[in-house]
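Report on one structure; see the data block that follows.
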Amino acid sequence: MYRTHTCGELRLADAGATITLAGWVQRTRDLGGMTFVDLRDRYGITQLVFNMETDADLCQKARKLGREFVIQVTGLVAERSNKNTKIETGAVEIEVTNLEILNTSDVPPFTIEDNSDGGDELRMQYRYLDLRRTPVRNNLILRHKMAMEIRRYFDAHDFIEVETPVLIGSTPEGARDFIVPSRMNPGEFYALPQSPQLFKQLLMVAGYDRYFQIVKCFRDEDLRADRQPEFTQIDCEMSFINQEDILTTFEGLVQHLFKYTKNIDVQLPLQRMTYADAMEYYGSDKPDLRFGMSFKNVTDLLKGNGFSVFDSAEYIGAIVAPGCSEYTRKELDSLTDFVKRPQVGAKGLIYIKYSGDGSIKSSIDKFYTPEQIQVVLDSVSATKGDLVLILPGDKHNTLGQLSELRLEMGNKLGLRDKNVFAPLWVVDFPLLEWDESTQRFYAMHHPFTSPKPEDIALLDTDPGKVRANAYDLVINGTEIGGGSIRIYNDRLQNRMLSLLGFSPEQAQAQFGFLMKAFRYGAPPHGGIAFGFDRLVSLFAGLDSIRDTIAFPKNNSGRDVMNNCPSTVAQEQLDELNLRIEMRKPQA
Ligand code: ASP
């Protein structure tokens with residue numbers, strides 16, 4: 001036996017026992033007569049003590065231990081006089097009688113402490129050392145616990161986990177595919193799944209009724225905005241259900257996860273908001289509902305008074321920042337700079353300060369009487385002490401700008417607490433999205449999403465107005481999951497594909513197998529997929545999904561530890577019947 005206990009296990013009650021531990025040397029402290037070593041493993045840290053008086057040789061040996069040496073020690077558990085209340089083993093130490101060096105270690109390139117001195121790139125190069133750090137390990141343990149709880153919930157609700165293939169034909173989810181050449185079929189390629197979408201629908205045709213899978217998906221996207229080329233979905237599908245059944249089943253999962261991994265009680269049913277309302281009042285299809293500050297439409301109140309910025313605007317929207325009436329010139333200037341940043345894109349910011357003493361000061365005093373301003377304040381429900389911030393412009397862009405401003409104010413006012421969770425469903429998404437540059441419709445969710453039955457007639461007359469039976473789970477301003485009720489009839493599916501610009505031949509070539517399956521008794525079905533990495537990151541209070549993944553890629557899609565992607569040997573290319581010809585960079 002290498003060890004009798006782990007480094008996180010011993011307590012005062014064990015005092016007097018002779019034990020054996022194995023682990024890594026976190027650090028050594030040499031205090032002349034005594035040498036202390038912190039021994040670490042996955043479970044914790046235990047203090048070892050070596051005494052010059054009792055065994056000088058052993059103590060000398062201990063002094064020479066380097067950081068991250070792997071050792072095995074045997075000794076006596078003793079009560080510590082100087083207890084460390086910060087660690088669970090802090091009441092005891094081990095008076096070592098035998099020390100075995102199992103392996104030495106090079107000096108690690110950064111400190112393996114909670115707050116490491118290693119930069120991002122360096123830690124990723126030595127990810128196996130980074131993974132020894134407690135905060136990183138805790139994220140992976142949380143991830144594991146969540147996966148276990150997900151499986152427990154689904155198993156209790158009659159879902160079965162079915163693995164779907166990784167080498168497939170393309171599944172459109174709106175991103176670029178990663179492709180894999182086939183040696184046995186020269187000139188032909190597999191695609192890696194952007195999601196198991198078509199397979200889970202086929203499992204419904206097969207009568208499996210309730211499916212889930214914790215599954216890797218692959219999308220070749222630009223990696224700004226906290227994405228990874230391979231990521232994990234909790235993928236789900238159900239038969240003989242309507243949208244209501246889906247929302248109920250999966251908000252149950254959300255409640256279960258919060259309860260059993262964070263001990264937080266989530267009240268059901270979750271709030272639901274239509275896509276139209278989310279856009280109108282929060283300027284986003286993923287509103288952060290940890291705080292209020294919804295938008296007020298003040299177009300009619302402010303237009304037509306000779307202030308050209310307002311008179312020419314299609315829409316004028318306001319948010320009320322509580323308790324901010326005493327913002328200084330400098331603070332208002334910095335907010336103005338914020339909205340004028342190219343990423344936000346506003347031309348300027350208009351404010352009304354409604355001071356605690358009832359006095360009113362605004363940047364539009366010249367154009368409006370105090371009475372008119374008071375009407376605006378009343379209509380946006382501002383109270384004394386508030387600051388009203390106003391943006392005018394075309395509606396679509398102004399809503400987006402107000403959304404950025406709202407989030408910025410939420411940050412400034414400390415209203416986006418990571419320990420507060422505000423989940424909601426956003427429902428009734430549009431089926432289609434018009435793209436100006438290509439002059440065609442795209443599926444807002446994906447081409448297998450069913451229109452709302454009451455909107456089907458609009459498919460012919462005004463396709464942009466058709467709403468879908470599609471829904472997103474949003475928590476704290478992040479899309480955590482999304483899904484839809486599916487089309488399950490080949491005629492409607494064909495119609496949808498033709499709206500999306502697929503010729504009958506293309507539709508047949510890409511999705512013929514699905515349409516064929518639909519002719520063999522496809523049940524009504526629908527589903528959802530959650531971004532597992534993102535969910536873990538939210539639960540762990542992290543800013544990035546990277547720290548929830550054991551071996552992530554960097555922003556250029558590289559694994560800097562094993563340096564991939566990389567070139568392959570000529571023989572491999574030959575076997576694949578491929579020749580690489582680099583296209584010259586376009587001028
Ligand atoms: N396949 C979809 C996605 O990856 C989810 C779904 O519709 O179930 O977003």
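All values below come from the heavy atoms of this structure, side chains included, with hydrogens, waters and symmetry mates left out. Each ligand, and each atom within it, is numbered from 1 in the order the structure gives.
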Under 4.0 Å from ligand 1, counting heavy atoms only: the protein residues, by chain and number: Glu173, Ser195, Gln197, Lys200, Arg219, Gln233, His445, His446, Gly482, Gly483, Arg486, Gly527, Ile528, Ala529
Determine whether a donor-acceptor pair (N or O, by modelled atom type, separation under 3.5 Å) exists between the side chain of Asn242 and the backbone of Asp245.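 Confirmed, Asn242 side chain pairs with Asp245 backbone.
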For Phe218, is there any backbone N or O sitting under 3.5 Å from a side-chain donor or acceptor partner on Gln194?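 Checking the backbone N and O of Phe218 against the side chain of Gln194, no donor-acceptor pair under 3.5 Å is found.
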Steps toward salt bridge (Lys or Arg N to Asp or Glu O under 4.0 Å) verdict (Arg210, Asp158): CA-CA 7 Å; Arg210 290 176 168 215; Asp158 282 335; 5.6 Å; no
Would you call the rings of Tyr128 and Tyr126 parallel, tilted or perpendicular if under 30° counts as parallel and over 60° as perpendicular?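 Taking Tyr126 first and then Tyr128, their aromatic rings stand perpendicular (interplane angle over 60°).
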Tell me if the centroids of the rings in Phe159 and His157 come within less than 6.0 Å of each other.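 Between His157 and Phe159, which both carry aromatic rings, the centre distance is not below 6.0 Å.
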How far does CG of Asp235 sit from CD1 of Ile214, to the nearest 0.5 angstrom? 10.5 Å
